[in-house]
Amino acid sequence: MKKYIILILLSFLTCSSMASIDVNPDGLSMGETRNSIAPMLARVMPAVVNITIEGQVATAKDPFRHDEPSNQTQKNQSTPNGGKFVGIGSGVIIDAKNGYIVTNAHVVSEAQSILVRLKDGRRFTAKLIGADNEHDVALLQIHANNLTQLPLADSSNLKVGDFVAAVGSPYDLQQTVTSGIISALHRSNLGIEKFEDFIQTDAPINPGNSGGALVDSQGKFIGMNTAIVAPDHVGNVGIGFSIPSNTVKRVVKQLIQYGKIQRGMVGVQVQTLTPDLAQAFNMPGQKGAVVSMVMPNSPAAKAGLKVGDIITKINDQAIVTADQVHNIVGLMLLGQKINMSIMRHGKQQTITAQSISATQDIALLRQANPYLFGVTLSNVTIGSPQVGSIKGAAVMRVAYSSPASIAGLLPGDIITSVNNTKINNIDDLKKIAEKSKNGLLLHVLRGNGSFYIMIQ
């Protein structure tokens, strides 16, 4: 049984220091106005639910504390080496008519049963409609009347410094509210999820808050509370992360339609346009993502996108980081048109591509370079200590079961000629490979020896 120590602070006034205070029927002193978010929270809190899961685990694990950053699902395991566990999290009703509730995928992972408890005390067994671990979003459904849903805001309009309130069930303390501000936007590279574009907030978030609502001053859902930075033996330190509502909306749309995410691709690699890169492109102050690679025969290539283009908008959404491109394209419905505003040589253009599936993308890559598919290369630097003045292409990685792997090509090999033609770099190799119809005969250097490899 949990025990909580509650300190009650009393303020005593002596008779001589007490003054007569007139109050109005609302309990406020005359001339005083109420400065409270209570009316807003009265609309929000019925839409935030408590989630309890039961499941079976195979191995012992302490989910209370993770390497920072961590998620905040609170799980109690009943046995040290496997057995049943009970997990506690939060959720948000986003569609009262259909009983749809969003939460984090990690809240309901390994769940054999999911119980939803509403603010009014009602309890329902929930059905898992679908979950996407890479975005950490799950969709549940309950069948109930008189539900309250939370309106979803456009998270692209958020600003650092905006007021926010977090509502959830930390440590199973239902309907707990904390408040703060938006500390930062577009946080990524945190190692929490594959797709990251977090809202950072200083509103206190703790274990059990996962899946709960981050709302604005109007009581609109702007994000799903997901993770915290929690150093060992330290509680909340005021660094929490929430998934933006626009991301949640896109994931939910696909979960309703397919039960899973069918990720779109356009065949492009990008990197964040840093101030140094912007200066190098003679566009100081420009923000966006610079195109570093365009896959042959891909939708991006067919649309005319080129290496060096700077993507500034996708479907009217401003691009600041490369992760945004990755996230937005990854949640496009297959076949959906993608309008990209780009800067090329200082001039603005609009390019339209059409998303394809990852399977189609791989097929295009295989078609473009069937013999080199799955091989990662780099140019050999003249004067390298290992190879002296030898020119060619160095093999960095070889995908398992690829044609090159089956032929015996290994990381560290240096390709010096293709089909008995010497090469100076990767471009020379690719030009010959694209024209070859009967395989590639590679001359490679490996250690102190050299030999031929035939890729078919």
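These numbers come from a predicted model, not from an experiment. Numbers here are sequence positions counted from 1.
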* **Closest contact, heavy atoms only, I199 versus L158** => CD1-CD1, 3.5 Å

* To do: Output the distance between atom NE2 (H143) and atom OG1 (T125), rounded to the nearest 0.5 Å.
  => 11.0 Å

* Are the side chain of T272 and the backbone N or O of T274 linked by a donor-acceptor pair below 3.5 Å? -> no

* Enter the distance from D172:CG to N50:CG here, rounded to the nearest 0.5 Å. => 5.0 Å

* To do: Please tell me if the side chains of M283 and M343 come closer than 4.5 Å, counting only heavy atoms from C-beta onward.
  => yes

* Asked: Can you name the nearest heavy-atom pair linking N209 to G168, along with the distance?
  -> ND2-CA, 3.6 Å

* Asked: Do the side chain of T312 and the main chain of S341 share a donor and acceptor less than 3.5 angstrom apart?
  -> yes

* Indicate yes or no: at least one non-hydrogen side-chain atom of R122 is less than 4.5 angstrom from one of R117. => no

* To do: Considering non-hydrogen atoms only, spot the tightest contact between E196 and D323 and give its length.
  => O-CB, 3.8 Å

* Note, Y171 side chain near N206 side chain (heavy atom, < 4.5 Å) -> yes

* To do: Could you pull out all residues at least two apart from D132 that satisfy side-chain hydrogen bond (donor to acceptor under 3.5 Å, both in side chains)?
  => H135, R263

* Asked: I228 versus I239: any side-chain heavy-atom pair under 4.5 Å?
  -> no

* Hey, what do you get for CG (L442) to CD1 (I415), rounding to the nearest 0.5 Å? -> 5.0 Å

* Any luck finding a side-chain donor-acceptor pair between N104 and T226 under 3.5 Å? -> yes

* Asked: Should we count NZ of K249 as having more than 12 external heavy atoms under 6.0 Å?
  -> yes

* Asked: Do V268 and V270 come within less than 4.5 Å of each other through their side chains, counting heavy atoms only?
  -> yes

* Could you walk me through whether V164 and V215 pass the side chain to side chain contact (heavy atoms under 4.5 Å, CB included) check? -> CA-CA 6 Å; V164 294; V215 299; over 6 Å; no

* Is there a donor-acceptor pair closer than 3.5 Å between any side-chain N or O of D136 and the backbone N or O of A105? -> yes

* Is there a side chain to side chain contact (heavy atoms under 4.5 Å, CB included) between Q149 and Y100 once you walk through the steps? -> CA-CA 9 Å; Q149 71 183 47; Y100 286 141; over 6 Å; no

* Main-chain N/O of L173 paired with T176 side-chain donor or acceptor, under 3.5 Å -> yes

* Asked: Is there side-chain contact between I101 and L139, with at least one heavy-atom pair below 4.5 Å?
  -> no

* Structure fact -> residues 325-344 vs salt bridge (Lys or Arg N to Asp or Glu O under 4.0 Å), sequence neighbours excluded, gives D309-R344

* Structure fact -> Interatomic distance, CD1@I93 vs CG@L147, rounded to 0.5 Å, equals 4.5 Å

* Asked: Which pair of non-hydrogen atoms, one from A393 and one from I426, has the smallest distance, and what is that distance?
  -> CB-CG1, 4.1 Å

* Asked: Does the side chain of T352 come under 3.5 Å of the side chain of N339 through a donor N or O and an acceptor N or O?
  -> yes

* **CD1 on I53 to OG on S109, rounded to 0.5 Å** => 6.0 Å

* Asked: Would you say F281 and L273 make side-chain contact, with heavy atoms under 4.5 Å?
  -> yes

* Asked: Is Q175 reaching over with its side chain to a backbone N or O of V48, donor-acceptor style, under 3.5 angstrom?
  -> yes

* Considering all heavy atoms, the nearest S90-G208 contact -> OG-O, 2.7 Å

* Asked: Under the criterion side-chain contact (heavy atoms from CB on, under 4.5 Å), which of L410, I414, L409 is the partner of V444?
  -> L409

* Backbone N/O of V320 and side chain of Q324: donor-acceptor pair under 3.5 Å -> yes

* Asked: Any donor-acceptor pair under 3.5 Å linking the side chain of S245 with the backbone of L152?
  -> no

* Asked: For D316, does the CG atom have more than 12 heavy-atom neighbours from other residues, nucleotides or ligands under 6.0 Å away?
  -> no

* Asked: When rounded to the nearest 0.5 angstrom, what distance separates CG in D216 from CZ in F163?
  -> 9.0 Å

* Residue list, side-chain hydrogen bond (donor to acceptor under 3.5 Å, both in side chains) with T148, at least two apart or on another chain -> none

* Asked: Are the side chains of E54 and Q112 in touch, meaning some heavy atoms are under 4.5 Å apart?
  -> no

* Asked: Testing T321, D197, N327 for side-chain hydrogen bond (donor to acceptor under 3.5 Å, both in side chains) with H186, which one passes?
  -> D197

* To do: Sort out for me which residue in I351, L305, I314, I338 forms a side-chain contact (heavy atoms from CB on, under 4.5 Å) with V266.
  => I338

* Asked: Just by modelled atom types, is the Q269 backbone N or O under 3.5 Å from a matching donor or acceptor in the S292 side chain?
  -> yes

* To do: Specify the closest pair of heavy atoms between G219 and L150, including all atoms of both residues, with the distance to one decimal.
  => O-CD1, 3.5 Å

* Would you please test S210 and H106 for side chain to side chain contact (heavy atoms under 4.5 Å, CB included) and show each step? => CA-CA 8 Å; S210 281; H106 73 254; 2.9 Å; yes

* Begin from the C-alpha positions of L115 and R123 and carry the test side chain to side chain contact (heavy atoms under 4.5 Å, CB included) through to its verdict. => CA-CA 7 Å; L115 180 69; R123 302 184 181 200; 4.0 Å; yes

* To do: Please check if any side-chain donor atom of D95 sits under 3.5 Å from a side-chain acceptor atom of N98, or the reverse.
  => yes

* S156 and D154 side chains, donor-acceptor separation under 3.5 Å -> yes

